[in-house]
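Report on the structure given below.
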Amino acid sequence: MLGLMMQQPLLISSLLVHAERHHGEQEIVSRRVEGDLHRQTFRELASRSRRMAQALKTLGVADSERVGTLAWNGHRHMELYYAVSGMGAVLHTLNPRLHPEQLAWIANHAEDKVLCFDMTFHPLVEAVAAHLPQVRHFIAMTDRAHMPATSKIANLLCYEELMEGAADGFEWPQFDENHASSLCYTSGTTGNPKGALYSHRSTVLHTYAAALPDSLNLSARDVVLPVVPMFHVNAWGLPYAACMVGAKLVFPGPHLDGKSLHDLFEGEKVTLSAGVPTVWQGLLGYVHANQLRFSTMNRTVIGGSACPPAMMKAFQDGYGVHVLHAWGMTELSPLGTACVFKAGQDELPAAQRDAIQAKQGRAIFGIDMKIVGDDGQELPWDGKASGELMVRGPWVITEYLKGEGGSPLRDGWFPTGDVAMIDPQGFMQITDRSKDVIKSGGEWIGSIDLENIAMAHPAVAMAACIAAHHPKWDERPLLVVMKKPGAEVTREELIAFYEGKIAKWWTPDDVVFVDAIPLGATGKMQKNKLRDQFKDYRLPTA
Ligand code: AMP
């Protein structure tokens, strides 16, 4: 017997239709590349998205064709999120921080037919345009007044002119909810980047899950400022979730320094933000140096790499901003877990609460997870056994675009490449990326733990722990440290700092100081580069 309920495909356009009808007056505020602070309502967003869909259709964009973007977080990017996916084409968010050659490789692999870009990236697009033979139209995301006087790009189109030329009569087509909606490439630290191709269904389900109280806990009363870029896994789903719940959105554009962010947080009464730890470091430094406070922001989502407990403490104890530690990946749209207390855990002693919050959290409904040993057998959830984290769910990829790299799944589970423990309450904790694991005398040492401790030292700005070759133990931890400006600390002081905080044999054998730790295109430490840099490093053997 079948249920007697309406069949409505889960389409991204329905999020926008809802936002227009039920939250039409809600605002989207954007600090733009042009320098101004732009305001529009959800009603205007809906209208402009329809007109942009019409404009793209007139340009000849067909069903399933890929439309690339090279853009900051802003209202025009948001309009493209809805226009492109809504019309049945595929939004391909490119990461402008990638090397131009890699960028061109990705756009060609994805077969992008249109490329829309913020003016910041005009020189970059000029440099790669000749290598993008499949792109039929280049669109500068600005108005006529800000178009470049000259451009090496032939027939460069102006976004606002296209918008003006399009009528507002476009009707969102209805189609199968499994239709592809957007595309995001993995960072490609090993081999070529691979494309994760999301569907309307996976995106809408992910949006419901992201908004739940025990995930990002979003509501119509929130003012959300995604620092996480819209080119990094759909800004963790926030552009969709804001429409679903009717939350005000604030976009920082290219201005991600501490002062610009703090000014926006205060000026727009932001309640929730989200980003990787490296961004928050700049913000905290600025707020501390200028003795400022956050008067409305009450929580921030930190993920993308492990949030050092020292950063959580600074936010929570210093500024009353609750940190929501979350884990995910491009292949998961991206949300997998969020660290939210269960009943009673709020009342635990501070040290126990801190220990829970350092974990990456509990699976959000829709994501199932397990850890397995080298033999593929499931390991217990005792908070001690660690193994490879496997996940499955309706917003996890089944394969990469064009079958690149073969089938990633093992028995229907996606192997994340992360090494994790799960405690009896279901809180998962990442101890390492499997390729970053340090194997000393056959035993694993978790580099994230070692980094977190170093980051709690007042003189340390950033720390990476990598495996260095050791004649007896094969590998031993080498701590690579970037000091805070003007701060001093010695190797001996840092090694002594580990005393009593960790099993003695985990203590790093040596410390090297560097001017900068290389960061990847999404703000994560590139430990593979450090491993290359220190591949001939000789540890003290005494
Ligand atoms: P990406 O697909 O580029 O977003 O990278 C996903 C990877 O980032 C994951 O597989 C983890 O290794 C890492 N990651 C994401 N969130 C966290 C977190 N909260 N703690 C530790 N690692 C994380």
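First listed ligand is number 1; within each ligand, the first listed atom is number 1.
For residues 296-312, every residue pair satisfying the side chain to side chain donor-acceptor pair (under 3.5 Å) rule, not counting sequence neighbours, is listed here: Asp222-Arg299. Residue pairs meeting the ring pair (Phe, Tyr, Trp, His ring centres under 6.0 Å) criterion with at least one member in residues 435-467, sequence neighbours excluded, are His457-Phe497.
A salt bridge between Asp436 and Arg531 is present, with a side-chain N of the basic residue lying under 4.0 Å from a carboxylate O of the acidic one.
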Please tabulate, line by line, the atom pairs linking an N/O of ligand 1 to a protein N/O at a distance below 3.5 Å, with the distance in Å to 0.1, or answer 'none'.
| from | atom 1 | to | atom 2 | distance (Å) |
| --- | --- | --- | --- | --- |
| ligand 1 | 2 (O) | Thr330 | N | 2.8 |
| ligand 1 | 2 (O) | Thr330 | OG1 | 2.6 |
| ligand 1 | 3 (O) | Lys524 | NZ | 3.4 |
| ligand 1 | 4 (O) | His232 | NE2 | 3.3 |
| ligand 1 | 4 (O) | Lys524 | NZ | 3.2 |
| ligand 1 | 5 (O) | Lys524 | NZ | 2.7 |
| ligand 1 | 8 (O) | Gly304 | O | 3.2 |
| ligand 1 | 8 (O) | Lys524 | NZ | 2.8 |
| ligand 1 | 10 (O) | Asp418 | OD1 | 3.4 |
| ligand 1 | 10 (O) | Asp418 | OD2 | 2.7 |
| ligand 1 | 10 (O) | Arg433 | NH1 | 2.7 |
| ligand 1 | 12 (O) | Asp418 | OD1 | 2.6 |
| ligand 1 | 12 (O) | Asp418 | OD2 | 3.3 |
| ligand 1 | 12 (O) | Arg433 | NH1 | 3.4 |
| ligand 1 | 14 (N) | Gly304 | O | 3.2 |
| ligand 1 | 16 (N) | Gly304 | N | 3.0 |
| ligand 1 | 19 (N) | His325 | NE2 | 3.2 |
| ligand 1 | 19 (N) | Ala326 | O | 2.8 |
| ligand 1 | 20 (N) | Ala306 | N | 3.2 |
| ligand 1 | 20 (N) | Gln360 | NE2 | 2.8 |

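Here the CG-OG1 distance, from Asn234 to Thr330, works out to 9.5 Å after rounding to the nearest 0.5 Å.
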Can you give each donor-acceptor pair under 3.5 Å made by side-chain atoms of residues 333-344, sequence neighbours left out, with the distance rounded to 0.1 Å?
| from | atom 1 | to | atom 2 | distance (Å) |
| --- | --- | --- | --- | --- |
| Ser333 | OG | Trp395 | O | 2.8 |
| Thr337 | OG1 | Gln360 | O | 2.8 |
| Lys342 | NZ | Gln425 | O | 2.7 |

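The aromatic rings of Trp105 and His109 sit parallel, their planes meeting at an angle under 30°, below the 60° perpendicular limit.
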